[in-house]
Amino acid sequence: MAGIGWGIVGYGWVARDFMAPAIAAAGDRLVAVCDAAPASRATAEAAGARAHADLAAFLAEPGIEAVYVATPNHLHRGPVEALAATGKAVLCEKPMAASLADAEAMAAAVTRAGILYGTAFDQRHHPGHRAVRAAIREGRLGTVTALRIVYACWLDRAWTSLPGQANWRIDPAQAGGGALMDLAPHGLDLAEYLLGEDLVEIAALTQTRAQGYAVDDGALLIGRTASGVLASLHVAYNYPEALPRRRLEVSGTLGLLTAENTMGQEPGGRATFTDGATGSVTPLPFDAAASPFLEQVRAFGRALRDPAERAAWSASRDLHTMRLIARAYAGSSSRAAKPAA
């Protein structure tokens, strides 16, 4: 399969440190970057990509087949709509947008254009999470009863991906919310991927406890699927990095599947099965060298080349996840600012 020609709109920390290396590792090529910051453009050019401050000039670049949009959340809609109009495939960072209204407009635009679109829920591509999903499908848990996720980090006010830039993740207007908006979409999408069914109920409590900024720095979410599986998520910006802070558990009538240090951008971690009858713990093997970003790039490339692979990518499914986030915020109790409808 010929390598994909990629473009990136928004060349910040995640695009620079994870997406660009994944593109190269997949045998694809990064053709061009669009970013308003001169430092970001200089970094992209040093890596061999052409760089533009203007989206129109970027769109005119030959050789771009797929575009990764990784701007701040409130700037997703414009590039996605413009890219859809040109017929290019789009992989957009999560959440879809800073507001549900923008996400709905984006979903409508990509559907009208008929392009390949996906939200970058890279956690469903982690080899460890794929192994957990396969074990569930094999029936190792019996009747699945509950899923629990802890996905937390420390994000102080001063954090930035580039010197001199403000931390947009703590600005309600740019981010649309805090820890719940940033981290919970990964957990919600992963929960539905593992369980093979949608969450039909959702509720949340948010907090502004430790960081003192205008968005929530922590949240607890609970949900339930139509079949009755319970899901709980703890997401946080107020959790020290040295503590155990990335854990997934799926329990059932026959045992427990656990994944530790698999949530996030890096490869590796550990997955196990605990037998409910004997208590014995068995490692769950998976490819510990492949990052979720690399596997995501590979999967998107397969879908771009083979229409049979496109069913794995769905704007309507991703919009469903955005609606869960909006419902969670709407029903939450917190002093933190709530995102726009």
Side-chain angles (χ1 to χ4, degrees), residues 4-16 18-20 22-23 28-41 43-45 47 49-122 161-162 165 168-169 171 173-176 181-182 185 293 296-297 300-301 303-304 313-316 318-319 321-322 339-340:
I4 305 297
W6 282 88
I8 295 179
V9 177
Y11 201 66
W13 161 59
V14 174
R16 180 191 67 221
F18 298 101
M19 187 63 179
I23 289 170
D28 295 344
R29 62 196 184 280
L30 178 57
V31 176
V33 162
C34 180
D35 197 293
S40 293
R41 296 197 301 276
T43 301
E45 288 172 339
R50 293 185 289 276
H52 302 276
D54 179 68
L55 183 62
F58 171 84
L59 292 174
E61 278 278 0
I64 295 177
E65 301 171 83
V67 178
Y68 173 63
V69 176
T71 58
N73 300 342
H74 73 303
L75 297 177
H76 286 180
R77 178 178 173 178
V80 169
E81 291 180 332
L83 289 162
T86 69
K88 297 189 191 301
V90 177
L91 181 64
C92 180
E93 257 305 329
K94 57 79 215 164
M96 284 186 76
S99 72
L100 180 57
D102 276 0
E104 289 172 335
M106 290 162 57
V110 301
T111 301
R112 282 195 306 271
I115 64 164
L116 172 63
Y117 170 87
T119 305
F121 292 125
D122 53 90
S161 63
L162 286 172
Q165 285 192 348
W168 65 263
R169 285 176 173 80
D171 179 359
Q174 296 184 77
M181 179 67 85
D182 188 31
F293 268 79
Q296 179 177 240
V297 168
F300 199 79
L304 187 57
W313 304 88
S314 169
S316 62
D318 299 344
L319 183 57
T321 303
M322 187 70 192

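Sequential numbering from 1 along the given sequence is applied to the chain's residues.
- Of all non-hydrogen atoms in F300 and A89, the two that sit nearest each other are CE2-CB, 3.8 Å.
- A distance of 8.0 Å separates CE in M322 from CE in M96, rounded to the nearest 0.5 Å.
- Using a 4.0 Å cut-off between charged nitrogen and carboxylate oxygen, E45 and R50 do not count as a salt-bridge pair.
- Minimum interatomic distance between A97 and A103 (heavy atoms only, all atoms of both residues): CB-N, 3.8 Å.
- For the side-chain contact (heavy atoms from CB on, under 4.5 Å) with R16, the lone residue among T43, D35, I8 that qualifies is T43.
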task: Could you walk me through whether M19 and L91 pass the side chain to side chain contact (heavy atoms under 4.5 Å, CB included) test, one step at a time?
output: CA-CA 11 Å; M19 187 63 179; L91 181 64; 3.9 Å; yes
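- Counting all heavy atoms, side chain and backbone alike, G7 lies closest to I64 at N-CG2, 3.8 Å.
- Within the 4.5 Å cutoff, side-chain heavy atoms of Y68 are placed close to those of F293.
- Rounding to the nearest 0.5 Å gives a distance of 5.5 Å between CH2 of W13 and CZ of F18.
- Contacts classified as side-chain hydrogen bond (donor to acceptor under 3.5 Å, both in side chains) and involving residues 77-90 (residues at least two apart or in different chains) are given here: R77-E81, R77-D102.
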task: List the steps and the verdict of side chain to side chain contact (heavy atoms under 4.5 Å, CB included) for L116 and V90.
output: CA-CA 6 Å; L116 172 63; V90 177; over 6 Å; no
query: So E93 and V69, side chain to side chain contact (heavy atoms under 4.5 Å, CB included) or not? Walk me through it.
result: CA-CA 6 Å; E93 257 305 329; V69 176; over 6 Å; no
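- Note that CG of L75 and CH2 of W168 are 9.0 Å apart. Values are rounded to the nearest 0.5 Å.
- Annotation for E65 and R29: closest pair OE2-NH2, 4.2 Å, computed over non-hydrogen atoms.
- A113 and A84 get closest at one heavy-atom pair: CB-O, 3.3 Å.
- A distance of 10.0 Å separates CH2 of W6 from CG of L30, quoted to the nearest 0.5 Å.
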message: Checking V9 against F58 for the side chain to side chain contact (heavy atoms under 4.5 Å, CB included) test, could you report, in this order, the C-alpha distance in whole Å, the side-chain angles of both residues, the deciding distance, and whether it holds?
response: CA-CA 9 Å; V9 177; F58 171 84; 3.6 Å; yes
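- L59 contributes atom CG, which lies 7.5 Å from atom SG of C34 (distance to the nearest 0.5 angstrom).
- G5 approaches V31 most closely through the heavy-atom pair CA-CG2, 4.0 Å.
- A distance of 8.5 Å separates NZ in K94 from CZ in F121, rounded to the nearest 0.5 Å.
- Checked by atom type and distance alone, the side chain of H76 pairs as donor or acceptor with a backbone atom of P95 at under 3.5 Å.
- At a threshold of 4.5 Å between non-hydrogen side-chain atoms, the residues H52 and V33 do not count as touching.
- Remark: the backbone N or O of A175 is paired with a side-chain donor or acceptor of N73 at under 3.5 angstrom.
- In summary, the aromatic rings of W313 and Y117 are positioned with their centroids too far apart to meet the 6.0 Å limit.
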